[in-house]
Amino acid sequence: MSERILPPWAEQMPKGAFISYAPTYKVGEYFDRFHKENFDGMDYWFYDPTEHGWAKDKKYPVLIFMHGYGNALEGDVCINYAGAEFYSKEEYQKALGGAYILVPLAAERRDEQGQCVDSWDDSYLPRVRDLVCDFEKTRAAGRVSKKVLYGNSSGATMCFKLAAAYPDFFDIIVPIGGGHIPDDATLDLYERNGIKIFFAIGKHDELVDFEKDIAPRLDRISKMKGSRVFTPEWVCNGDGGIASINFGMEMGQHCLVNPMHCNLMYDDGKPMDPSLPQGITGWLREALEE
């Protein structure tokens with residue numbers, strides 16, 4: 001791999017570690033399980049478990065995946081980048097007892113300078129909630145039980161903001177690679193409404209100052225009932241290598257959504273965190289049942 005650009009953290013890797021330059025899974029294998037629709041000007045992708053053998057007389061959670069900055073420009077690949085694709089697999093669906101999947105899309109576009117504009121901001125908060133309400137009423141026909149917000153990068157910020165704006169509407173949030181943890185008053189609001197949190201970020205995240213912006217808040221969030229934090233020293237791919245993804249800037253450690261997408265399991269079946277033997281789906285199943 002001598003032709004590869006070494007990431008800025010290469011010299012910090014532990015002895016014996018190696019760099020993995022790409023996820024080990026195939027992107028797009030399950031895209032045909034998703035439908036694309038539009039509600040009130042907002043495009044979205046969705047997966048319906050009842051189209052894949054799950055009973056129509058039961059209720060299921062809906063998993064709402066908020067994508068990261070610029071991901072809506074990537075077409076259906078956004079399903080994967082948001083971390084939603086594998087949740088349509090039989091294995092994940094079985095682990096959760098069936099689940100609807102929603103991937104709302106910000107109306108992102110490129111301006112004359114080629115910069116991404118119109119990405120997530122506060123104006124989207126009521127629109128996302130209205131989309132979920134409409135989906136529950138029409139596409140899911142009243143079969144939604146609990147509502148789970150996933151979010152990657154800027155989508156993680158949206159998770160926190162949506163839960164703060166509508167604390168009696170969402171039940172669980174899974175922010176991944178977010179740049180901050182809300183203040184105590186907001187966390188208190190979550191607790192009063194029974195919102196559980198799985199907060200995940202790598203300690204070497206290239207876009208977030210972990211020691212300054214995250215570490216001081218971890219103790220508070222970890223004490224919330226039913227919540228936990230996952231802060232791996234190194235973000236790895238399925239082959240066990242430390243993840244390096246360079247899009248003109250190094251983002252391998254920021255892209256924790258990739259191993260989260262793989263249920264925090266290595267390719268050989270070993271959990272990336274021994275305290276999560278069934279991965280994130282195991283934690284989520286327990287959180288949904290409480």
Which class fits the ring pair [X] and [Y]: parallel under 30°, tilted 30 to 60°, perpendicular over 60°?
X: Y47; Y: F34; result: tilted
X: W120; Y: Y124; result: perpendicular
X: F46; Y: H35; result: tilted

With distance as the sole criterion, is a donor-acceptor pair present between the side chains of [X] and [Y] under 3.5 Å?
X: N193; Y: D168; result: no
X: E206; Y: W9; result: yes
X: Y25; Y: N258; result: yes
X: T24; Y: D239; result: no

Residue pair [X] / [Y]: nearest heavy atoms and the distance that separates them:
X: F230; Y: L256; answer: CE2-CD1, 4.1 Å
X: I101; Y: S88; answer: CD1-N, 3.6 Å
X: P175; Y: C159; answer: CB-CB, 4.5 Å
X: V235; Y: G252; answer: CG1-O, 3.9 Å
X: I176; Y: V257; answer: CG2-N, 3.8 Å
X: Y150; Y: I280; answer: OH-CG1, 3.9 Å

To the nearest 0.5 angstrom, please state how far the [atom1] atom of [X] sits from the [atom2] atom of [Y].
X: D171; Y: L149; atom1: CG; atom2: CG; answer: 9.5 Å
X: L284; Y: N263; atom1: CG; atom2: CG; answer: 9.5 Å
X: K94; Y: R285; atom1: NZ; atom2: CZ; answer: 10.5 Å
X: E233; Y: Q253; atom1: CD; atom2: CD; answer: 9.0 Å
X: Q115; Y: R109; atom1: CD; atom2: CZ; answer: 12.0 Å
X: E289; Y: L96; atom1: CD; atom2: CG; answer: 10.0 Å

Please answer: with hydrophobic residues joined when any side-chain heavy atoms are less than 4.5 Å apart, are [X] and [Y] in the same cluster?
X: V128; Y: Y190; result: yes
X: V103; Y: V174; result: yes
X: L125; Y: L131; result: yes
X: F86; Y: I79; result: yes
X: L63; Y: W54; result: no

Cation-pi geometry met for [X] and [Y] (6.0 Å, 45°):
X: K270; Y: Y266; answer: no
X: K36; Y: Y44; answer: no
X: R143; Y: Y60; answer: no

Side chain to side chain, [X] and [Y], heavy atoms closer than 4.5 Å:
X: I245; Y: C255; result: yes
X: P8; Y: E250; result: yes
X: I197; Y: R228; result: no
X: I173; Y: V148; result: no
X: R4; Y: I19; result: no
X: N80; Y: F31; result: yes
X: L73; Y: C116; result: yes
X: F199; Y: I214; result: yes

Determine, step by step, whether V208 and H180 satisfy the side-chain contact (heavy atoms from CB on, under 4.5 Å) criterion, reporting the C-alpha distance in whole Å, the side-chain angles of both residues, the deciding distance to 0.1 Å, and the verdict.
-> CA-CA 8 Å; V208 180; H180 79 291; over 6 Å; no
[X] side-chain N/O to [Y] backbone N/O, donor-acceptor pair under 3.5 Å:
X: K146; Y: L288; value: yes
X: E85; Y: E29; value: yes
X: T186; Y: P182; value: no

For R33 and E90, what are the C-alpha separation, side-chain angles and deciding distance, and is it a salt bridge (Lys or Arg N to Asp or Glu O under 4.0 Å)?
-> CA-CA 11 Å; R33 300 185 178 189; E90 288 83 357; 3.1 Å; yes
After noting the C-alpha distance and the side-chain angles of E74 and H67, does the key distance pass the side-chain hydrogen bond (donor to acceptor under 3.5 Å, both in side chains) rule?
-> CA-CA 11 Å; E74 303 299 326; H67 63 75; over 6 Å; no
Would D118 and R110 count as a salt bridge (Lys or Arg N to Asp or Glu O under 4.0 Å) if you check the C-alpha gap in whole Å, the side-chain angles of each, and the deciding distance to 0.1 Å?
-> CA-CA 9 Å; D118 297 334; R110 294 201 181 277; over 6 Å; no
Step-by-step ring-ring contact (aromatic ring centres under 6.0 Å, His included) determination, H261 to Y87 | CA-CA 8 Å; H261 200 201; Y87 282 80; 7.0 Å; no
Evaluate whether atom CD of E11 has more than 12 neighbouring non-hydrogen atoms of other residues, nucleotides or ligands under 6.0 angstrom away.
->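 No, not enclosed.
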Is atom NZ of K89 surrounded by more than 12 heavy atoms (other residues, nucleotides or ligands) closer than 6.0 Å?
-> yes
Any chance you could lay out the side-chain contact (heavy atoms from CB on, under 4.5 Å) test for V132 and K147, step after step, and finish with the verdict?
-> CA-CA 9 Å; V132 177; K147 303 175 186 72; 4.1 Å; yes
Should W283 and L276 be marked as a side-chain contact (heavy atoms from CB on, under 4.5 Å) after you check the CA-CA gap, both sets of side-chain angles, and the distance that decides it?
-> CA-CA 7 Å; W283 178 88; L276 293 165; 4.1 Å; yes
Determine, stepwise, if the pair D121 / K161 fulfils salt bridge (Lys or Arg N to Asp or Glu O under 4.0 Å).
-> CA-CA 10 Å; D121 60 29; K161 287 186 174 183; over 6 Å; no
Decide side-chain contact (heavy atoms from CB on, under 4.5 Å) for L218 and T231; before the verdict, give the C-alpha distance in whole Å, the side-chain angles of both, and the deciding distance to 0.1 Å.
-> CA-CA 9 Å; L218 290 178; T231 56; 4.1 Å; yes
Salt bridge (Lys or Arg N to Asp or Glu O under 4.0 Å) between R220 and D188, worked out = CA-CA 10 Å; R220 175 65 180 84; D188 289 344; 2.5 Å; yes
Trace of the ring-ring contact (aromatic ring centres under 6.0 Å, His included) decision for F135 with Y100 | CA-CA 10 Å; F135 181 84; Y100 289 99; 5.6 Å; yes
